[in-house]
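In what follows, a structure is listed as structure tokens, so that the remarks can point back to it.
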Amino acid sequence: MRKNIVAGNWKMNKTLQEGVQLAADVRQALAAAGAVKCDVILAPPFIHLTEVVKTVGGQVEVSAQNCAAEASGAYTGEVSAAMVKSTGCTYVILGHSERRSYYGETNAILAKKVRLALDNGLKVIFCVGEVLAERESGKHFDVVGKQLKEGLFGLSAEDFAKIVVAYEPVWAIGTGKTATSVEAQDMHAFIRKAIAAQYGVQLADDTTILYGGSCNGGNAAELFACPDVDGGLIGGASLTAEKFMQIVTAF
Ligand code: PGA
């Protein structure tokens with residue numbers, strides 16, 4: 001069954017103490033809101049994971065923002081999928097455009113990371129999305145199709161069932177420029193079709209596809225009303241409980 005999800009990607013923001021406070025604020029706001037129509041995920045920096053898992057107390061799932069492409073060993077500064085899992089975290093975000101562009105993460109590297117994450121019992125939020133020049137030259141469907149094919153479509157159907165796809169047009173991330181609901185729906189429908197072609201209609205229909213890129217309390221309801229948009233991956237607007245909750249309650 002397809003789930004609605006709103007996930008907050010804190011990126012490199014918040015000290016440990018600030019992060020624990022934000023997690024506590026989100027937990028409290030969720031309790032006050034009563035039943036919400038989506039699963040909520042928080043993705044803080046690595047060093048916050050253990051404390052945030054404790055703070056949210058099972059009300060919210062917790063995700064890392066990345067993991068290493070190797071299982072263990074002499075990789076100074078890296079954090080493995082097994083380490084992430086051992087914090088009590090259940091998800092990892094892989095393939096975020098900031099990782100792809102600033103840290104040279106290719107589809108081949110990401111496919112390795114996805115394998116390790118799944119082997120260690122983590123679910124994966126896998127990000128895809130085109131840059132502005134690719135959209136303007138009409139290549140956006142090709143780019144996203146290639147990211148899906150090379151990053152994910154080597155998986156078995158059983159493994160693919162643990163994947164959440166996040167469509168994040170790079171030109172919309174942190175820019176205040178959101179994709180229109182038509183642009184988002186068109187790409188989400190394309191992604192679902194590609195999944196159907198690879199794994200069949202049932203699994204495609206069950207896959208959660210999130211939108212990310214300047215999603216906020218003012219535009220979330222319209223985006224989430226699109227038939228193939230199943231929630232959001234939220235950066236800037238996940239950094240206060242108040243703004244984040246406006247999105248969580250937008251379904
Ligand atoms: P933004 O970031 O909401 O700040 O645009 C989204 C993301 O990069 O996940």
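The shown structure was predicted, so the numbers you read here are calculated from the model rather than taken from an experiment. Counting convention: from 1, in listed order, for ligands and their atoms alike.
Close approach to G174 involves these atoms of ligand 1, each under 4.0 Å from a residue heavy atom: 1 (P), 4 (O), 5 (O). Heavy-atom contacts of G236 reach the following atoms of ligand 1: 1 (P), 3 (O), 4 (O) (cutoff under 4.0 Å). Short contacts between ligand 1 and A172, defined as distances under 4.0 Å to a heavy atom of the residue, involve ligand atoms 5 (O). Here is the list of ligand 1 atoms found below 4.0 Å of a heavy atom in N9: 9 (O). Taking every non-hydrogen atom of H96 and a distance limit under 4.0 Å, the qualifying atoms of ligand 1 come out as 7 (C), 8 (O), 9 (O).
Residues Y211 and F224 place their aromatic rings such that the two centres sit no closer than 6.0 Å.
Remark: side-chain polar atoms of T55 are not paired, donor with acceptor, to backbone N or O of A23 under 3.5 angstrom.
In this structure, CZ in F126 is found 4.5 Å from CG in L152, a value given to the nearest 0.5 Å.
Among the atoms of E98, none of the N or O lies under 3.5 angstrom from an N or O of ligand 1.
A salt bridge links R192 and D230; the closest N-O separation between the charged side-chain nitrogens and carboxylate oxygens is under 4.0 Å.
In this structure, the protein non-hydrogen atom closest to atom 7 (C) of ligand 1 is E168 OE2, 3.1 Å.
Ligand 1 lies out of reach of A237, whose nearest heavy atom is not under 4.0 Å from it.
Contacts with ligand 1 closer than 4.0 Å are made by heavy atoms of both the backbone and the side chain of I173. At a heavy-atom cutoff of 4.0 Å, ligand 1 is contacted by no atom of C127, backbone or side chain.
Under a cut-off of 6.0 angstrom, the local environment of CD in E242 is sparse, with at most 12 non-hydrogen atoms contributed by other residues, nucleotides or ligands.
Under the salt bridge (Lys or Arg N to Asp or Glu O under 4.0 Å) rule, E105 has a single partner from R100, K113, K112, which is K113.
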Where do H96 and Q65 land on the side chain to side chain donor-acceptor pair (under 3.5 Å) test, with the steps shown first? CA-CA 8 Å; H96 191 281; Q65 300 172 13; over 6 Å; no
